[in-house]
Amino acid sequence: MSQAPPFPTDQLLISYLVGRCPAEEEERLDELSIVDDEFADRLNAVEHDLVDAYVAGELKGDTLDAFRFRYLASSVGRRKIAFADALRSRAAESKPVPAAEPERRRWFTWPQLAPQWAMAAVAVAAVAASVYLVVENRRLTTQIGEGQSARTALEQRQTSLEQQLASERSASNAANQELTRARDEIDRSGKSSPAGASHAGLLAFLLPPATRGAETMSIRVPQGTDRIQLRLPLESTDFRAYDATLKTAAGDVVWRGAAELSTRGTSPEATITVPAAELSARGYVVELSGLTRAGTREFAGSYPFRITGH
């Protein structure tokens, strides 16, 4: 169990008042002046005697320099000095001139002017308390304003993310609906086409573009499929031509070639046809690039899918 620090000496209190106290001691004495009434009274008494000694010209050396630096730089300190000087002058006027200079009193003893000092201390404390309340009120007002601004920004961010998520869900749903319609068309085409028609051995799929949160499309290739046609929806047709690269999920290039631009209804598409023999049961991605009118290549879309088997 740690031993409590000793009660401060007068000399330590003088160092504290003139700003020459070590930082750790200054923090301890600051706390004592707030929580310990006995210590606060003693500190006030020592400060009164310190100011009296300065007015009387009794401070010397480093203590005098530190006192001037601390008290003369503060409006509160200057008022304390002026008040002590006025009291000293009034006391000197009311006393008869002694026949001989009396013995100089010891430093930092409580003088007969304690009531006046007490009133001055109360006034100074009231002023300090008022200043503290004003500063604290401004600080709290600033914190409240910053908190409200942060809350507003978070609410706006939440609204933006919700709108973005709703847009992505809508796009995913539209792609799934288009995929369902394409499969229905393929089924109807397969049922109505006679044997040996040009569509024999060709399997077509509509691949939705990669979107956050959307499931990767799975494709099962039936036996007898020679070619797989992949339809790639486009957001726009700003490019003059399109090229496609088919890669495995690991990044290995399986196929590369030109993509055919077509329009089904009001939806533009780029179409590629890949030999079924090139694909096995694994994950793939089609990376689409477009040729600008300036002759440069730019990324146009990514379409992931997975082959589940033959």
Do the side chains of [Y] and [X] get nearer than 4.5 Å, heavy atoms only?
X: Gln158; Y: Glu162; answer: yes
X: Ile307; Y: Val221; answer: yes
X: Val46; Y: Tyr16; answer: no
X: Leu203; Y: Pro222; answer: yes
X: Val274; Y: Arg227; answer: no
X: Phe299; Y: Ser289; answer: no
X: Thr292; Y: Glu298; answer: yes
X: Leu29; Y: Pro8; answer: yes

Within the supplied structure, the quantity of interest is the number of heavy atoms (other residues, nucleotides, ligands) at a distance under 6.0 Å from [X] [atom1]; does it exceed 12?
X: Glu260; atom1: CD; value: no
X: Glu31; atom1: CD; value: no
X: Glu38; atom1: CD; value: no

Review point. Is Asp238 paired with Arg293 through a side-chain N to carboxylate O contact shorter than 4.0 Å?
Key: no

Check your understanding: Quick one: do Glu24 and Arg28 make a salt bridge, cutoff under 4.0 Å?
Key -> no

Check your understanding: Looking only at atom types and distance, does a side-chain atom of Thr63 sit under 3.5 Å from a main-chain N or O of Leu59, one as donor and one as acceptor?
Key -> no

Study note, to complete from the structure: Residues pairing under ring pair (Phe, Tyr, Trp, His ring centres under 6.0 Å) where one sits in residues 226-249, two or more places apart or in two chains, turn out to be Phe239-Tyr242

Check your understanding: Closest heavy-atom contact between Met217 and Leu207?
Key -> SD-CD2, 3.7 Å

Exercise for review: Taking all non-hydrogen atoms of both residues into account, name the closest pair between Ala300 and Gly290 and its distance.
Suggested key: CB-N, 4.1 Å

**Study point:** Tyr284 and Glu278: side chain donor to acceptor below 3.5 Å
**Key:** no

**Study point:** Distance, nearest 0.5 Å, that separates CD1 of Ile14 from OG1 of Thr9
**Key:** 8.0 Å

**Study point:** Partner residues of Arg297 under the salt bridge (Lys or Arg N to Asp or Glu O under 4.0 Å) criterion, sequence neighbours left out
**Key:** Asp243

